[in-house]
Amino acid sequence: MTQTPESKPQKRNLGWLIAAFVIGAGLMAAVGALLINIQSRKAEAAVNTHLVEIADDELDPAVWGQNFPRKYDTFIKTKDDTISTPFGGSVKYSKLERYPAMVRIWAGYAFSIDHNEERGHYYMQTDQQNTQRVLVKEQPGACINCHSANAPGMIADMGWEEFNHTPYNDLVGQLEMGSSCADCHDPQTMDLRITRPAFINAMTERGIDVTQATRQEMRTYVCAQCHVEYYFAGDNKVLTFPWEKGLNIDDIDAYYTEEGFSDWTHKESNASMIKIQHPEFELWSSGLHAQSGVACADCHMPYIRDGAVKVSDHWLRSPLVNVNNACQTCHKQEEAQLVERINTIQERTASLLRLNEAALLDAIDAIVAAQNAGATDEELAQARELHRRASLRWDFISSENSTGFHSPQEAARVLANGIDLARQAQLEAQRVTAEHNGTVASTK
């Protein structure tokens, strides 16, 4: 049969209709499959949410994990002790061997015996239990506060002050685990909560009621319970955060000076010294991320997708090994650019730390020389005070675990101040020595 000119467009239209029908059917099938997948994920989440009843005193993360398997699966990855970054990670190594100046800087204190790179949260309790700092030196139970999920229950049973001053080795047999879901979450509501009294006490001193905190603030506060500077106050060794005057090192220095507190007497210089502990919260507080409302969890526990479900990644680790989720959610640069920026900050901070260490060793040598020349305690009081203040600032950045990244400009300021104070201590000790020797002190 001969086709008429009009029949050709009709056939083409019919073909397009058939093609459109096939494509539409395919899309509907795909959408249907997606909806089924989403519903199945929701159903799975609903089942998991009510799988078991979690007791108020339940500490085992595996039990909580029956209800929250995705979060548990990421949390248990903190067992990974093979993560290596230029200035951190989870690989255990001796910092005293890598940075031998630390042995003399902390001479006479437990950290000069044993100081290792930290592993993940999974090892918090066991690594503390096995460090020479508690095996060779007697430590108070206050050390347990942040290293075991058993601490809140022990505090409730023993009382706050009794728990703090009881010797560590008298309590270690009662410790069963390191970090737990219960440290940060209410078992009934899963709301974030504060479980450590020292943080509540310190925030109250600053006029801050943590019960009124927003959820975003809580995503930092639960970390700030432990990632802070602290000391053991009084005969009862009460765990205390020195924040009454403020959070920066100058405020903390002024607080300790007013309190007349010291951790130990330096074995070589005989200066009264203070050991600073991991002040991540304090340094972060002065940085741009804090001022922009970024919480600890935004970078160290970023949201991830598991199918149709969005969960907080509980594999707490350096954002440097998780740049895509931890950084690029906000920063749209290429990953290589972001890594380069991080490396630049940390390398420059590390360089300033090494300069601080050299200056501190020179100050110690100069004070020792003055002592050998017959200088009295009164004559060396100023040099020793300068030594204490210089070491305090070096330690504030050295013991803070971001190698300056949490607040780069503040880290550089603190270290520059530390170098200046150490050189002042050196010059003052050299002046005293020169007076005893009847010579002119060198200014080099």
Side-chain angles (χ1 to χ4, degrees), residues 38-79 120-122 124-125 144-160 163 174-204 208-228 239 281 295-298 300-316:
I38 290 173
Q39 290 303 317
S40 66
R41 294 284 184 174
K42 286 183 176 180
E44 178 188 353
V47 170
N48 287 335
T49 302
H50 303 290
L51 188 62
V52 299
E53 181 178 350
I54 301 175
D56 288 340
D57 60 351
E58 180 57 67
L59 301 181
D60 187 353
V63 175
W64 292 60
Q66 293 180 63
N67 288 358
F68 306 98
R70 294 178 179 87
K71 293 177 181 178
Y72 177 74
D73 287 347
T74 57
F75 171 79
I76 205 66
K77 290 181 180 179
T78 62
K79 291 175 67 173
H121 279 64
Y122 179 84
M124 294 172 32
Q125 189 268 317
I144 297 169
N145 269 278
C146 289
H147 284 266
S148 175
N150 296 109
M154 297 170 72
I155 292 167
D157 291 341
M158 300 176 64
W160 175 233
F163 169 77
Q174 302 178 43
L175 307 181
E176 300 169 330
M177 64 184 62
S179 183
S180 165
C181 313
D183 290 323
C184 305
H185 290 281
D186 183 290
Q188 305 309 319
T189 66
M190 298 302 120
D191 289 341
L192 293 173
R193 66 175 181 176
I194 305 300
T195 55
R196 299 315 197 264
F199 180 76
I200 297 172
N201 296 340
M203 295 295 274
T204 301
I208 299 173
D209 182 357
V210 298
T211 65
Q212 302 302 309
T214 66
R215 184 175 183 278
Q216 183 68 355
E217 288 172 331
M218 287 296 290
R219 296 176 79 238
T220 287
Y221 287 174
V222 292
C223 304
Q225 297 182 92
C226 294
H227 288 266
V228 291
L239 181 67
F281 176 68
C296 302
D298 288 323
H300 293 277
M301 303 175 65
Y303 288 109
I304 56 174
R305 286 281 180 183
D306 183 1
V309 179
K310 185 176 80 169
V311 298
S312 178
D313 185 353
H314 281 57
W315 185 8
L316 298 101

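Because the structure is a prediction, the values reported are computed rather than measured.
Once rounded to the nearest 0.5 Å, the distance linking CG of Asp186 with CD1 of Ile54 reads 10.0 Å. Rounded to the nearest 0.5 Å, atoms CZ (Phe199) and CD1 (Ile208) are 7.5 Å apart. Rounded to the nearest 0.5 Å, atoms CG (Asp209) and CD1 (Ile200) are 9.5 Å apart. In this structure, the separation between CH2 on Trp315 and CG on Asp73 is 12.5 Å, given to the nearest 0.5 Å. Note that the CD atom of Glu217 and the CD atom of Gln212 stand 10.5 Å from one another [nearest 0.5 Å]. Between the CE atom in Met218 and the CD1 atom in Ile194 there is a gap of 4.0 Å [rounded to 0.5 Å].
Here the closest non-hydrogen pair linking Trp64 and His185 is CH2-O, 3.5 Å. Across all non-hydrogen atoms, the minimal contact from Phe163 to Ala151 is CZ-CB, 4.2 Å. In terms of heavy-atom proximity, Asp56 sits nearest to Gln188 at OD1-NE2, 2.9 Å. The shortest non-hydrogen separation linking Tyr221 to Ala213 is CE1-CB, 3.6 Å.
The shortest side-chain heavy-atom distance between Phe68 and Val311 does not fall under the 4.5 Å cut-off. Between Asp313 and Lys77, the closest side-chain pair of non-hydrogen atoms is not below 4.5 Å. You'll find the side chain of Tyr72 reaches within 4.5 Å of the side chain of Pro61, heavy atoms only. Gln225 places a side-chain heavy atom less than 4.5 Å from the side chain of Thr195. With contacts defined as side-chain heavy-atom distances shorter than 4.5 Å, the pair Cys181/Lys71 does not qualify.
Taking a cutoff of 4.0 Å between a charged side-chain nitrogen and a carboxylate oxygen, Arg215 and Asp191 do not qualify as a salt bridge.
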Checking Cys296 against Phe281 for the side chain to side chain contact (heavy atoms under 4.5 Å, CB included) test, could you report, in this order, the C-alpha distance in whole Å, the side-chain angles of both residues, the deciding distance, and whether it holds? CA-CA 9 Å; Cys296 302; Phe281 176 68; 5.7 Å; no
Original post:
When you look at Met154 and Leu175, which way does the side chain to side chain contact (heavy atoms under 4.5 Å, CB included) test go after all the steps?
Top reply: CA-CA 9 Å; Met154 297 170 72; Leu175 307 181; 3.7 Å; yes
Check your understanding: side chain to side chain contact (heavy atoms under 4.5 Å, CB included) between Ile304 and Lys310: does it pass, once the steps are laid out?
Key -> CA-CA 6 Å; Ile304 56 174; Lys310 185 176 80 169; over 6 Å; no
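Judged by distance alone, the side chain of Thr78 and the main-chain N or O of Gly120 form no donor-acceptor pair under 3.5 Å. When atom types are taken as modelled, the side chain of Ser148 and the backbone of Gln125 share no donor-acceptor pair closer than 3.5 angstrom. Side chain of His147 to main chain of Met124: a donor-acceptor pair is present (N/O by atom type, distance under 3.5 Å, no hydrogens or angles).
Between His227 and His121, the ring planes are tilted. Angles from 30° to 60° get that label.
For Val63, the side-chain contact (heavy atoms from CB on, under 4.5 Å) criterion is met by Glu58, Asp60, Gln66, not counting sequence neighbours. For Arg193, there are no salt bridge (charged side-chain N to carboxylate O under 4.0 Å, His left out) partners at least two apart in sequence or on another chain.
Of the candidates Asp183, Asn201, Asn145, Arg196 forms a side chain to side chain donor-acceptor pair (under 3.5 Å) with just one, namely Asp183.
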